[in-house]
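The structure is given below, and queries will be raised subsequently.
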Amino acid sequence: MFDPRDNVSVTQDANRLLAKARQDGIETVWQRHEAQQPQCGFCDMGLSCRICVMGPCRVDPFGQGPQSGVCGADADIIVARNLCRMIAAGAASHSDHGRDLVEVLAGVADGSAVGYQIRDEAKLKRLAKEYGVATADKTALAIAADLADAMMEDYGMRRKAIRLVERAPKKRRAVWEKVGLIPRGIDRETSEMMHRTHMGVDNNWQSLLLQGLRNALSDGWGGSMIATEVSDILFGVPTPRPTAVNAGVLKADQVNIVVHGHNPVVSEMVSAACQSPELLDLARAKGAVGINLVGVCCTGNELLMRRGIAMAGNHLMTELILSTGAVEMMIVDYQCIMPSVGKVACGYHTKMVSTSDKAKFPHMEHVEFHPHNAREKAMTVVRAAVENFANRKGQPFIPVEPQAAVGGFSVETIIGALGGTPAPLIDAIKAGKIRGAVGIVGCNNPKIKHDYGHVTLTRRLIENDILVVDTGCVSVATAKAGFKVPEAAAMAGPGLKEICGALGIPPVLHMGSCVDNVRILVLVSALADALGVDICDLPVAGSAPEWYSEKAVTIGVYFVASGVTTHLGPMPPIAGSMNVVNLLTEGLKDVVGASFAVEPDPEKAAVFLRNTIEGKRKALGLDWRAVV
Amino acid sequence: MKQVIVHPERCVGCMQCMLACATAHSRSGTLLAACQERPRPNPRIHVGAGRFNEGFPNRCRHCDPAPCQMACLAGAIYRRESTATVLVNPDRCINCASCAMACPYGVIRFHEDPLGPAGWAIAIKCDNCGARVAKGLIPACVETCKTGALTYEEMDDAMARKTRAVARSLSAPDRPAMPAGVVLLTSIKQAEMQLGER
């Protein structure tokens, strides 16, 4: 049996810090997961329904107990409704993050978002053009005002289609048009999903799932894409820059501040405050040699992509990082912040600060950041962190030396590195030097040994000449494993090694945070356009080996609906309906040209993904080989 | 005579039997009120996790001869032959835990109970819901179980049903003994657990 006292991770820092946490009497996610066993089988199979209070209901998977809820919904309907509500929640989360960025953009335009600015005017103008916003003879701020307004329209109900769907290849749009999957408004699709899953509305499991696809697309080509693009306008388009990863990025002789969450609106201001001469002087006065800002989770990725700021860890590291005793302050915004972290911090001198009006946590001080006061609030909290340096108890435990990595591969950068066109990449794929590409995305999950899925799958793929792009928590795992330095090309197969060597890039490219999965959509669209094919014809695939969240469900669904066959490590709660299982793993191929596969073992998943890619190569008339 | 029979392969680990058991052994008899009672009623059936985190409803077997009964120095544990139930006399129990040490299944707990003497802990174990059965109800854990992991029936009937199921699975092997979704989920969970052992 899995024993949480054994090694829970493939990473040395996690195992050492877990031992330290246990010694310090800190409860972690692994203990809580163990305490939850066995987890409810009805819920695990998607067969429990809490949608209305004629219920709650459950369906007996063995066929002898109740086979429908009080309302009459059978297993297919209950499973589909539950899955669709996960999609709606995931889409709502990413898209609400996008909305916050649009508000900052509007605030920059009207002067209220003090401290924020347009960092990339060229990108602002490119976006303005896509949105049909006039740019001639207008100042950047005037363009920003009109663009923010146009983006707000995408969230509403005035459009027949959200704007950025135009970025998808023509053939893909035709598929969506045919099946009725073109998202009309970002919030509209989420609202309609919640409406349809209300008792007594849509009770056809297929049409429910199709709306689930449209809802996910409203995030992938809508809310998330807006989040990424507006972040680039406000904070700069990422470019490759060296950084460092793992718990070793914390510094014993510096004030350590950890940002946790997702939205760069907060972390960028904190980053600026950490560089203020006034606070650096204060840090020195307190006996620290400097202020060391590091990230965990995706807001860390946002900073890593644009500023090269180091990453201390991914999702399952967020509690362990605090057990170093080296963290003066953790500043959180929203999403994936375990409510336990405040309690963990109680065991150390660490101050915890929540910043978002929509996300409050136990054992945290709430300092609310808004666009108009973020600069000032950032100075306040960083000052408090510096002052907390004096409260450190004893020598911190920093378990490892940091690992070097390179991040910051935006689509603009990748195409730039290729000489302004995707042609060299396409040529390498055609020649078979690169067999294809896989986007590995998603979270950590205590059900899977920490980072084992990410690292094993990535290793197997690059060994076999498959280029890996990654985002979110995966990107930290692969960076810690040493895949994100140019020298890691030595671990790649001969073809990929040659290409990486020629371009001076690692075999695994860090494309950003989890909203930045949309960069992958833009990249595959560029490849498909260059070849004149649909996305589902490309030798590419997706994977989420250790996913846990509703956002990850939505990402997986928009990948598949965009034509990218996607592997999942953990099983989504759908096993209660084999109809739903079969539709998602087989039937969708006939609808959108791609489907899901579930396989916890990354070794077997690697074989599946390689065969998927080889199959696409065969269909394109390229050389191919069967993998066993 | 009907008795509670456990079919562990059917347990999905939802733990609803535990809630139903605690409620059945409360003063109020409803879940919402039972949660507020002091002392708090506790379940006498316990769902454990197997090697692959599958559920297992662990319940008193009402052994005969019963090791707990033999270990009880105070003579508090006795057998009611009419219902084949091993019971604790709360007035005799001295809370020495000898019975719990003797029990091979770990199903005897010690706490103050809403239906026991006020102010001190005694041995608490499954009583086969004698009070419910006397009213013509079936045991609470069985009533709440929707997957058939717990049934209340004549042992002979259960045996005959099992024999028939085994015979059918052998004569028509294409008919799966387990539904496809259950097999799928179980295999995924097993694979996840095995990764942790690599």
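From a predicted model like this one, the values you see are computed outputs, not experimental measurements. Throughout, a chain's letter reflects where its sequence line sits, starting with A, and its residues are numbered from 1.
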Exercise for the section: Please confirm whether the backbone N or O of B:R198 pairs with a side-chain atom of A:K449, one donor and one acceptor, at under 3.5 Å? Expected result: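 Yes; judged by distance alone, with no hydrogens or angles, the pair exists.
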Practice task
Would you mind checking which part of A:P570 comes under 4.5 Å of any heavy atom in chain B, side chain (CB onward), backbone (N, CA, C, O), both or neither?
Solution key: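 When you check distances to chain B, atoms from both the backbone and side chain of A:P570 fall under 4.5 Å.
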Practice task
Answer yes or no: is there a side-chain heavy-atom contact under 4.5 Å between A:M571 and B:L185?
Solution key: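 Yes, their side chains come closer than 4.5 Å.
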Practice task
Let me know if A:F62 has heavy atoms under 4.5 Å from chain B in its side chain, its backbone, both or neither.
Solution key: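 Both backbone and side chain.
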Handout entry: Crowding at CZ, B:R80 (>12 non-hydrogen neighbours, <6.0 Å)
Key =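 No, the 6.0 Å shell around CZ holds no more than 12 heavy atoms from other groups.
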Exercise for the section: Measure B:L184 against the heavy atoms of chain A and call it side chain, backbone, both or neither at under 4.5 Å. Expected result: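 Side chain only.
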Practice task
For the residue pair A:M45 and B:V182, establish whether any side-chain heavy-atom pair is separated by less than 4.5 Å.
Solution key: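 Side chain of A:M45 against side chain of B:V182, heavy atoms only: contact under 4.5 Å found.
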Exercise for the section: Sort by residue number and list every member of residues 65-76 of chain A having a non-hydrogen atom under 4.5 Å from chain B. Expected result: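 Residues in range: A:G65, A:P66.
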Practice task
Output the option from A:V10, A:I448, A:D44 having the highest count of non-hydrogen pairs under 4.5 Å with chain B.
Solution key: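 Among the listed options, the one with the most contacts to chain B is A:D44.
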Exercise for the section: Tell me, for A:Q39 versus chain B, whether the close heavy atoms (under 4.5 Å) come from the side chain, the backbone, both or neither. Expected result: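 For A:Q39, the contact with chain B is made by the backbone alone.
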Practice task
For residues B:M193 and A:K447, determine if any side-chain heavy atom of one lies less than 4.5 Å from a side-chain heavy atom of the other.
Solution key: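 With C-beta onward as the side chain, the pair stays apart.
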Handout entry: Note, B:L195 side chain near A:P602 side chain (heavy atom, < 4.5 Å)
Key =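 With C-beta onward as the side chain, the pair touches.
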